[in-house]
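Here's the structure we're looking at; comments come further down.
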There are 2 protein chains.
Amino acid sequence: MSKGHTTKEQIIWKAYQLFRERGYYNTSMADIGQACGLLKGSIYHHFASKEVLMEEVLKAVYNSFKQQVFDVAFQAMGTPKERLEKMMQAIEQTYFQEQGGCIMGQTGAHVPSNPAAFTSIIQQFFSAWKQAFAHVFTPQYGIEDSQRLAWQAIQEIEGAVTLYCIFFDKSFFISTRQRIEGMLA
Amino acid sequence: MSKGHTTKEQIIWKAYQLFRERGYYNTSMADIGQACGLLKGSIYHHFASKEVLMEEVLKAVYNSFKQQVFDVAFQAMGTPKERLEKMMQAIEQTYFQEQGGCIMGQTGAHVPSNPAAFTSIIQQFFSAWKQAFAHVFTPQYGIEDSQRLAWQAIQEIEGAVTLYCIFFDKSFFISTRQRIEGMLA
DNA sequence: AAAACTAGCAAACAAATGTTTGGTAAAATT
DNA sequence: AATTTTACCAAACATTTGTTTGCTAGTTTT
């Protein structure tokens, strides 16, 4: 590192917060620069374009979720229910320790006008999430029903996060979490 | 009417389609004008600003939903289940006959950076929706449980619409609809 | 110590943004 | 028929947008 010590990871994190809270198109490079204590032009030393920056943000969110949520489902230790609870705990933290909803769901809602690279990552994100949920459901519900239940759980969580943004009320997620955890005995 | 016959309602409808498919900030006045066969400046003869136009779009969506969905819940005729099915049918049509997700949920996801007028309409929309669902659930589940079930249904539907946008797959909504209709005997 | 590299600033860039202005021709009103 | 109103165009407006360029000073490598 030289003069300043703004790392790529720091820019990605700040950009993530802004994109998530205000949306991709309502966040300018100047906004991101300001949040990092940089001029907007300086960001281009780290990222080729705003679009590439967004891609890296989405990838980082995917990896973070994979590590803290998806991978837990496939751990050897603990009962499926315990692993599910651990996953739900991590999900809750992710959505409520910072402001804004689900950047994947929000960005995904505008697929036809989005760069294809965004869509690809978003699809992978939700597919991986479904597989993780389905895996902890399978011992009790079998493969087929678990797929269905996994999508159902994701849908409810996405809805809960949306309503949280609108009404500033965590309770949608709280009861959703209880319902999902209650699916395993 | 004089020369051309572009009505306010036509502009609202075109703007609705664009806002819904691409988001508020990713839709320009030039885009809306083009969709109406107008120059962007001409829209200001009908609406004071882009923000006011969006407000009218949200109000129009609210009114349309109220007429075709919410009001059905309180009709005198038919069993609660029949009315619920009628509501779900109208919801399905709304979301799948045109492209894009739920403009209320999408816009609501960015509340902190949105004009307060947007948030107000969006909150009213979801509150009215909850009350309508709860009303058809009440005979079977009682007042308290019906509230919970109503929010749960809305969450699932919002999630289903989001996933539909991402995977171009209606089946999320189809099974959600069956689940919700199955809640009433 | 010299050379090469890095991170950032300052300024400029063309293009796109939402909005305003002045005019025109058709329609509605008188 | 004269007047006013309506819907729209054409052009300009100031800002903001994402991006590029040239330069500087610190850091790393040699």
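Labels below follow one simple rule: chain letters A, B, ... track the order of the sequence lines, proteins then strands, and each chain is numbered from 1.
- Within residues 11-20 of chain A, no residue places a heavy atom under 4.0 Å from DNA chain C.
- A:Arg179 and B:Gln152 are linked by a side-chain donor-acceptor pair at a separation below 3.5 angstrom, with hydrogens and angles left out of the test.
- Residues B:Glu21 and A:Ser113 bring no donor and acceptor atom of their side chains to less than 3.5 Å of each other.
- Ring pair A:Tyr62/A:Phe70 is perpendicular by interplanar angle, where above 60° counts as perpendicular and below 30° as parallel.
- Atom NZ of A:Lys50 is separated from atom P of C:dA15 by 19 Å (rounded to the nearest Å).
- Whole-Å rounding puts the A:Leu39 CG to D:dT17 P distance at 14 Å.
- Judged by a 6.0 Å distance limit and a 45° cone about the ring axis, B:Lys170 is not positioned over the six-membered ring of B:Tyr164.
- Atom CD1 in B:Ile43 sits about 15 Å away from atom C1' in D:dA10, given to the nearest Å.
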Distance-only donor-acceptor pairs under 3.5 Å for side chains of residues 93-104 of chain A, two or more places apart:
from: A:Thr94; atom 1: OG1; to: A:Ala90; atom 2: O; distance (Å): 2.9

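- Residue B:His45 has no polar side-chain atom (N or O) positioned under 4.0 Å from OP1 or OP2 of D:dC8.
- Residue A:Gly33 is classed as having no contact, given no heavy-atom separation below 4.0 Å to the nucleic acid.
- Every stem involving DNA chain D, taken as at least 3 paired positions in a row under the Watson-Crick or G-U wobble test at 3.5 Å, is listed here: C:1-12 with D:19-30, C:14-17 with D:14-17, C:19-30 with D:1-12.
- Among the heavy atoms of the strands lying under 4.0 Å from A:Ser42 is at least one base atom, whether or not backbone atoms are also near.
- Nearest-nucleotide assignment on DNA chain D puts the 5′-proximal partner with A:Asp31, out of A:Gly41 and A:Asp31.
- Straight-line distance from the OH atom of A:Tyr25 to the C1' atom of C:dA16: 14 Å, rounded to whole Å.
- At C:dT6, none of the side-chain N or O atoms of A:His46 fall inside 4.0 Å of OP1 or OP2 (strictly under the cut-off).
- Counting only distance, with no hydrogens or angles, the side chain of B:Arg83 and the backbone of B:Ala73 share a donor-acceptor pair below 3.5 Å.
- In this structure, A:Met29 atom CE and C:dG8 atom P are separated by 13 Å, rounded to whole Å.
- Annotation: cation-pi pair A:Lys50/A:Tyr24 present, NZ/CZ under 6.0 Å from the ring centroid and within 45° of its normal.
- With hydrogens and angles left out, the side-chain atoms of B:Gln124 and B:Ser120 include a donor and acceptor closer than 3.5 Å.
- Looking at the side chain of A:Lys40, the nearest of the listed nucleotides C:dA12, C:dA10, C:dT19 is C:dA12.
- Residues A:Leu53 and A:Tyr16 are not in side-chain contact: their nearest non-hydrogen atoms beyond the backbone lie 4.5 Å or more apart.
- Distance A:Asn26 CG to C:dG18 P: 11 Å, rounded to the nearest Å.
- For B:Ser28, whose side chain is taken as the heavy atoms from C-beta onward, the closest listed nucleotide among C:dG18, C:dA10, C:dA12 is C:dG18.
- Panel note: side chain B:Lys81, backbone B:Glu181; a donor-acceptor pair is recorded below 3.5 Å.
- Rounded to an integer number of Å, the gap from B:Gln34 CD to C:dA16 P is 12 Å.
- Here C:dT19 presents its P atom at 3 Å from OH of B:Tyr44, a figure rounded to the nearest Å.
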